[in-house]
Amino acid sequence: MERRLAVLSLFLIIHLQYIAANVVNINFAGMMAQDTDKQRINTRSVVYQVDNKPFEGYVATPQELTGKHPALLVVHGWEGVNADTNRRADDMARLGYVALAVDMYGQGVRPETREERGAQAGAVRGNVTLLKQRMDGALAYLWSLPYVRSSAIAAQGYCFGGSVVLQWAFTGAPVRGVVSFHGSLGQLDSTTADLVTANIMIANGQQDTSVPFEDVVRVQTALVEADKTYTLHQYGGARHCFTYVHARGATGNCVYDEQADLRSHAHMEQFYKDLELW
């Protein structure tokens with residue numbers, strides 16, 4: 001009876017979060033790091049091996065690499081590693097992190113059509129063993145860099161990448177935290193929530209039709225019952241792709257939302273500070 005009441009209470013709290021997300025309108029732009037605080041960076045393409053296969057990512061680092069730095073795995077959307085992924089890695093390097101834009105498909109695999117992208121993304125998300133192997137391989141490469149503090153690593157992903165970092169967390173990913181931006185929740189195996197060791201942040205568009213309310217309840221219930229640490233941010237009015245600048249002015253469910261983009265990344269920066277990566 002007590003467990004049923006706890007789950008019912010959680011359901012009511014989530015429902016109130018949805019209502020609040022739809023009416024609260026706050027400008028978080030001032031929370032973002034100012035340009036004057038950001039660092040100059042160095043960038044380069046890198047090829048690393050996973051299961052004897054080449055994967056081509058992108059590394060962004062602060063120009064001044066003194067001592068060990070916290071590091072981030074940045075996971076692309078279903079398009080594969082591209083300018084958007086690299087831009088996010090650059091942004092984090094300017095804040096002092098070493099950032100690796102992870103390649104989840106393999107060197108030279110950059111799907112162009114919706115059908116190709118769906119096939120590549122589905123092959124990874126539908127095979128948790130493969131997903132874990134590729135994320136573990138990217139982490140091993142990051143660990144190999146002499147200027148990375150191996151105990152201060154987190155992962156963030158966008159769309160397909162958001163679902164990837166969550167699935168990885170549910171396999172027991174050995175990182176301090178993961179952040180999912182508009183990632184799907186439907187593929188998460190809630191029965192493995194007890195394996196989670198990373199803190200989790202989920203940034204979700206409240207009007208994203210690809211993330212049903214039932215999935216939000218299911219995942220939160222699993223994390224609560226497993227006594228795991230997580231944070232859920234719902235952004236009122238935001239749909240899927242709300243961090244994708246190239247979707248500005250689009251119609252349908254994939255639409256850029258500048259305020260949700262700024263707010264979610266401000267929340268992410270605070271999340272990393274709370275993890276004490278520095």
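For R94 and D91, the salt-bridge test passes: some basic side-chain N is under 4.0 Å from an acidic carboxylate O. Between R176 and D274 there is no salt bridge, since no side-chain N of the basic residue sits under 4.0 Å from a carboxylate O of the acidic one.
T85 and V75 get closest at one heavy-atom pair: CG2-C, 4.4 Å. Nearest heavy atoms, V196 versus A198: CG1-O, 3.3 Å. Between P62 and A93 the shortest heavy-atom distance is CG-O, 3.7 Å. The minimum heavy-atom distance between F170 and V219, with the atom names listed, is CZ-CG1, 4.4 Å. Closest of all the heavy-atom pairs between S264 and F242 is OG-CE1, 3.6 Å. Minimum heavy-atom separation, R88 to Y158: CD-OH, 3.5 Å.
In this structure, a donor-acceptor pair under 3.5 Å is present between the side chains of D90 and Y58.
Disulfide check for C241/C254 passes, with the SG atoms closer than 2.5 Å.
Counting only distance, with no hydrogens or angles, the side chain of K273 and the backbone of M268 share no donor-acceptor pair below 3.5 Å.
P70 pairs in a side chain to side chain contact (heavy atoms under 4.5 Å, CB included) with only one of the listed residues (L277, I153, L275), which is L277.
V175 places a side-chain heavy atom less than 4.5 Å from the side chain of W168.
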